[in-house]
Amino acid sequence: METRELICIGCPMGCPLKVEINNGEVSSVTGNTCKRGDDYARKEVTNPTRIVTSSVIVEGGSLAAVSVKTKQDIPKGKIFDIMKALKGVKVQAPVHIGDVIVSNVADTGVDIIATKNVL
Amino acid sequence: MLRQVYDIVIVGGGPAGLAAAVSAKRNGVESILVLERDKELGGILNQCIHNGFGLHTFKEELTGPEYAGRFIEQLEEEKIAYKLNTMVMDISDDKVVTAMNREDGMFEIQAKAVILAMGCRERSRGALNIPGYRPAGIYSAGTAQRLVNMEGYMPGREVVILGSGDIGLIMARRMTLEGAKVKVVAELLPYSGGLKRNIVQCLDDFGIPLKLSHTVVDIDGKERVEGITIAQVDENRRPIPGTEEHYTCDTLLLSCGLIPENEISSSLGVEMSPVTSGPLVNECLETNIEGVFACGNVLHVHDLVDFVSEEAGAAGKHAAEYVKNGAKHPSSDAKDIPITATQGARYTVPKTINPDRMDEKHIVRFRVGDVYKNCYVSVYLNDQRVIHRKRPVMAPGEMEEVVLKKEELAAFPDLTQITVKIEEA
Amino acid sequence: MYDVIIIGAGVSGAASARELSKYKLNICVVEKEEDVCCGTSKANSAIAHAGFDAESGSLMAKLNVEGNQMMEQLSRELDFPFKQNGSLVVCLHEEERPNLQKLYERGVENGVKDLRIIDRKELVELEPNISDEAVAALYAPTGGIICPFGMNIAFAENAAQNGVEFKFNTEVTGFEKKENTWLVKTNQGDFETKYVVNAAGVYADKFHNMVSEKKLHITPRRGDYCLLDRSTEGFVTHTIFQLPSKYGKGVLVTPTVHGNTLVGPTAIDIEDKEGTNTTQAGIDELISKAGSTVKGLPIRQVITSFAGLRAHEDGHEFYIGEVEGAKGFIDCAGIESPGLTSAPAIGKMVAEIVSGLADAQINSDFVGTRKGILDPKTLSNEERAALIKEHPAYGNIICRCEMITEGEIIDAINRPLGAKSLDGVKRRTRAGMGRCQAGFCSPRTIEILARERGVDPAEITKSGGNSKIIVGINKDRI
């Protein structure tokens with residue numbers, strides 16, 4: 001049996017988690033104070049994921065750049081592939097919160113969406 | 001000079017100002033004006049493009065601009081007036097706000113109530129007295145954040161960060177993602193000033209070392225930064241000779257604390273706390289000047305915008321009540337019970353509470369001065385302990401709270417003193 | 001072919017250029033930095049010394065008193081900040097009183113007006129925060145405070161207005177003596193001139209020694225300073241020195257013309273003529289000494305620390321005059337404290353020497369007045385409203401700490417010898433000089449500089465050369 005200690009990133013509380021793993025299967029999570037912590041721990045030891053945020057250039061708008069994010073969390077190992085995919089991306093104003101900027105970014109099946117209105 | 005009249009003027013259109021405005025409107029005041037110095041509403045959230053906002057307020061995880069967007073939407077729905085690119089120059093004690101912008105020039109607004117929501121600024125290299133040259137390439141983390149996130153510019157390629165406050169940690173990740181190499185984060189204190197989750201997802205994820213009890217002792221480079229020397233510090237935070245490590249880099253980011261921006265408040269005569277550098281307020285978030293309220297980072301620096309919104313909502317509500325009912329509480333009210341922070345608790349917001357006036361429950365927020373493990377947060381009414389809550393870990397970087405109940409306070413007719421302290425197990 | 005090439009656009013060079021522009025001469029100032037006021041002139045105590053310090057009979061003493069006397073009128077003609085706030089040399093020990101008396105007598109001999117020794121009672125009335133140890137002081141009502149950037153820039157702008165050419169980023173590398181002229185070699189090409197004025201600050205010995213066998217030796221003497229926030233305004237109103245004694249020289253505590261409090265300097269002799277780095281030891285020394293003449297100095301209100309280099313010649317004297325054996329080469333060397341105070345008189349003296357040698361005609365087109373950058377804070381609210389109506393940029397605050405508007409920054413960029421960098425804007429307008437130290441305004445100032453100069457924001461530097469603020473665009477290296 002393997003034990004891993006993690007800090008939950010689910011919310012700002014940062015609960016210290018203890019995860020017990022038996023034959024690659026999570027057998028228990030302790031230390032969490034909510035369901036979010038349990039989910040995080042199970043994912044983190046098997047398939048860690050993250051939300052990636054960045055910003056891309058906007059043309060013809062009131063601001064120079066628009067902030068963006070992956071619509072869902074993506075595998076941690078794909079973070080830099082996503083950044084590469086965002087290199088050189090330019091969009092035309094207007095952009096609205098939730099607009100898809102890049103679909104299926106870096107073959108993750110996840111879209112990059114705008115997180116700000118730029119008119 | 002143009003002179004307008006509004007019931008409530010809110011100085012600042014960041015998260016605090018927005019939430020205060022919406023709340024004041026929903027509490028029955030129609031005539032509200034928000035004055036924002038930047039070119040858009042939302043304040044510092046506009047450059048905080050990372051996620052992690054809103055779990056408390058919206059029960060979902062949003063980025064800074066999205067969180068601001070929700071409140072801007074509410075402001076628009078409520079048809080609250082605002083002016084952008086507008087700087088408040090002065091507020092007089094009869095609540096005449098003098099402001100300036102390109103279109104209106106200098107103008108005055110006679111307000112019945114004023115809500116201070118100016119936010120805070122970052123501690124600069126100069127205030128830290130870091131020795132060395134003064135080349136280009138030294139930025140406060142927030143300045144770099146604005147350049148990278150809002151303007152799309154790289155302020156540097158190889159980066160050393162001093163200070164492990166949240167903005168520093170967040171910028172370590174942002175710079176890394178955008179293609180820079182973050183070599184080390186040095187922290188003067190023996191613990192991080194940022195949230196634990198930011199250490200995990202901003203440093204650990206990218207293998208960026210965090211060196212606690214370290215500081216910058218020299219800056220090299222006459223035109224642009226060429227290198228940074230850090231050294232370990234002793235318990236008095238003095239560098240220990242012989243522990244110097246040199247890093248070749250072109251950039252030093254500083255994330256060494258935030259200071260509420262109270263220059264306007266001070267010249268208005270608002271009494272300040274030497275601990276928070278923010279106004280001293282009662283449970284209505286009203287300052288010593290009747291009808292002048294404060295909320296958000298101008299009051300005390302928060303870690304979580306959700307709590308800013310909540311606090312600002314309360315300020316907006318109380319300002320609305322003040323406008324509707326007039327002064328219902330002279331500031332010398334004998335029933336304002338002082339709250340003393342002691343033994344590890346550094347301050348409280350509010351500073352006084354009035355049992356007659358308070359809601360059924362009132363959250364008192366505070367910070368501790370050191371790291372405490374397995375200690376108790378205790379609240380005493382006079383000398384009787386009424387709250388004794390165990391906390392596994394408390395750190396100065398994370399705001400704490402206790403909830404005072406009206407009925408408990410009412411049970412103490414001769415209450416003269418409320419004390420918040422940290423007690424050993 | 002120039003009549004005069006002046007090396008250095010610091011305060012001595014700029015004052016000399018302005019005085020020389022009163023004559024019909026073809027003048028060029030060459031400066032290795034990107035702007036005026038980049039060396040000793042930008043980092044000093046910002047004081048108009050009364051003139052009791054320098055040895056009686058020295059050129060230093062003479063030019064100090066003369067410069068001090070010229071300052072008031074000059075500040076009005078050239079529109080730079082100057083205030084005669086008076087200075088106090090504080091005596092902390094009864095047994096040091098004879099030294100105070102000696103200083104007084106030297107001052108009188110040097111021609112300092114209105115000097116007197118005051119007792120503790122009067123001292124406390126003048127400065128309530130004076131140290132409890134203080135027993136008496138030498139009071140010099142003629143002592144003053146100056147904006148050193150303001151004065152240097154004013155001299156240079158007025159010189160430019162009167163036809164003086166300025167070449168920046170131009171570093172002198174050597175000289176070639178021709179029959180009746182000098183060939184000044186620089187990194188930007190060679191320039192021929194009849195006269196050379198060597199106003200090169202800490203480098204003045206290097207250039208002097210290229211043309212003379214009688215060597216000068218200038219030591220860069222570093223002075224560390226701490227500048228305190230404007231919220232400390234009024235902590236002291238006079239410039240407060242400590243009477244040098246066996247207990248040490250002390251450091252001064254002075255208000256600045258803009259309402260900050262300045263503490264410093266240390267005096268550390270170094271080798272590197274560019275060694276303007278502060279050190280922990282220097283700052284520690286400063287903080288430990290600063291409390292000796294005043295009590296309760298709010299040192300925690302520090303907003304920046306910096307270091308300047310005094311051009312200390314071994315003989316501790318100003319060397320102004322044609323160099324022996326180098327006809328047409330005029331030194332303006334060894335200009336250390338009280339160099340800033342003396343600058344008006346130094347300029348005059350250099351101009352007299354050069355115009356005499358050149359037998360120059362008076363320039364009847366000379367205009368001796370110059371208007372500084374309009375400071376809207378000096379206007380009434382009504383005037384200010386009218387200004388914004390005409391020029392909306394004056395309604396847009398860029399530096400929120402010092403309340404500097406876009407209008408002022410645009411003026412700073414577009415006037416003669418205008419600002420090209422963030423520091424250039426800062427020295428002219430104070431944008432970025434406040435408590436946040438340009439944290440908020442630098443991205444905005446970069447935008448304005450780029451727009452007004454018609455260049456890409458990435459081209460904008462902090463202070464010229466390689467001091468770039470922006471090094472690329474996001475993701476350009478991934």
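To find a chain, count down the sequence lines: A is the first, B the second, and so on, and within it residues start at 1.
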Other residues, nucleotides and ligands only: do more than 12 of their heavy atoms fall within 6.0 Å of NZ on B:Lys181? no

Within the supplied structure, the quantity of interest is the number of heavy atoms (other residues, nucleotides, ligands) at a distance under 6.0 Å from A:Asn23 CG; does it exceed 12? no

Are any non-hydrogen side-chain atoms of A:Ile51 and B:His50 less than 4.5 angstrom apart? no

Test item: B:Asn51 and A:Lys69 side chains (from C-beta on) under 4.5 Å apart, heavy atoms: no

B:Val148 versus chain A, the contacting section by heavy-atom distance below 4.5 Å: backbone

Are the side chains of A:Arg50 and B:Asp205 in touch, meaning some heavy atoms are under 4.5 Å apart? yes

Find out whether B:Tyr67 and A:Thr115 are in side-chain contact, i.e. whether some heavy atom of one side chain is under 4.5 Å from a heavy atom of the other. no

Would a 4.5 Å heavy-atom cut-off, applied to side chains only, mark B:Arg197 and A:Met13 as touching? no

Counting only non-hydrogen atoms closer than 4.5 Å, does B:Leu304 touch chain A with its backbone (N, CA, C, O), its side chain (CB onward), both, or neither? side chain

Please determine whether a side-chain nitrogen of the Lys or Arg among A:Lys116 and B:Glu40 lies less than 4.0 Å from a carboxylate oxygen of the Asp or Glu. yes

Greatest number of non-hydrogen atom pairs under 4.5 angstrom with chain A, of B:Glu151, B:Gln201, B:Arg173, falls to B:Gln201

Give a yes or no on this: more than 12 heavy atoms of other residues, nucleotides or ligands lie within 6.0 Å of atom CD of A:Glu59. yes

State, yes or no, whether a side-chain contact exists between B:Lys196 and A:Ile9 at a heavy-atom distance under 4.5 Å. no

Max heavy-atom pairs within cutoff under 4.5 Å with chain A, candidates B:Leu177, B:Asn149, B:Val200, B:Leu195, goes to B:Leu177

Side-chain heavy atoms of B:Glu178 within contact of A:Ser54, under 4.5 Å: yes

Of the listed residues (B:Met150, B:Lys39, B:His56, B:Arg174), which shares the most heavy-atom pairs with chain A below a 4.5 Å separation? B:Arg174

Within a 6.0 Å radius of atom NZ on B:Lys79, are there more than 12 heavy atoms belonging to other residues, nucleotides or ligands? no

Portion of A:Ile7 that has a non-hydrogen atom of chain B nearer than 4.5 angstrom: both

Of all heavy-atom pairs between A:Cys11 and B:Leu55, which one has the smallest distance, and what is that distance? CB-CD1, 3.4 Å

Examine whether an atom of A:Cys8 lies under 4.5 Å from a heavy atom of chain B, and if so say whether it belongs to the side chain, the backbone or both; otherwise answer neither. backbone

Heavy-atom distance under 4.5 Å to chain A: side chain of B:Phe206, backbone, both or neither? side chain

A:Ile79 portion near chain B, given a 4.5 angstrom heavy-atom threshold: side chain

Heavy-atom distance under 4.5 Å to chain B: side chain of A:Lys76, backbone, both or neither? side chain

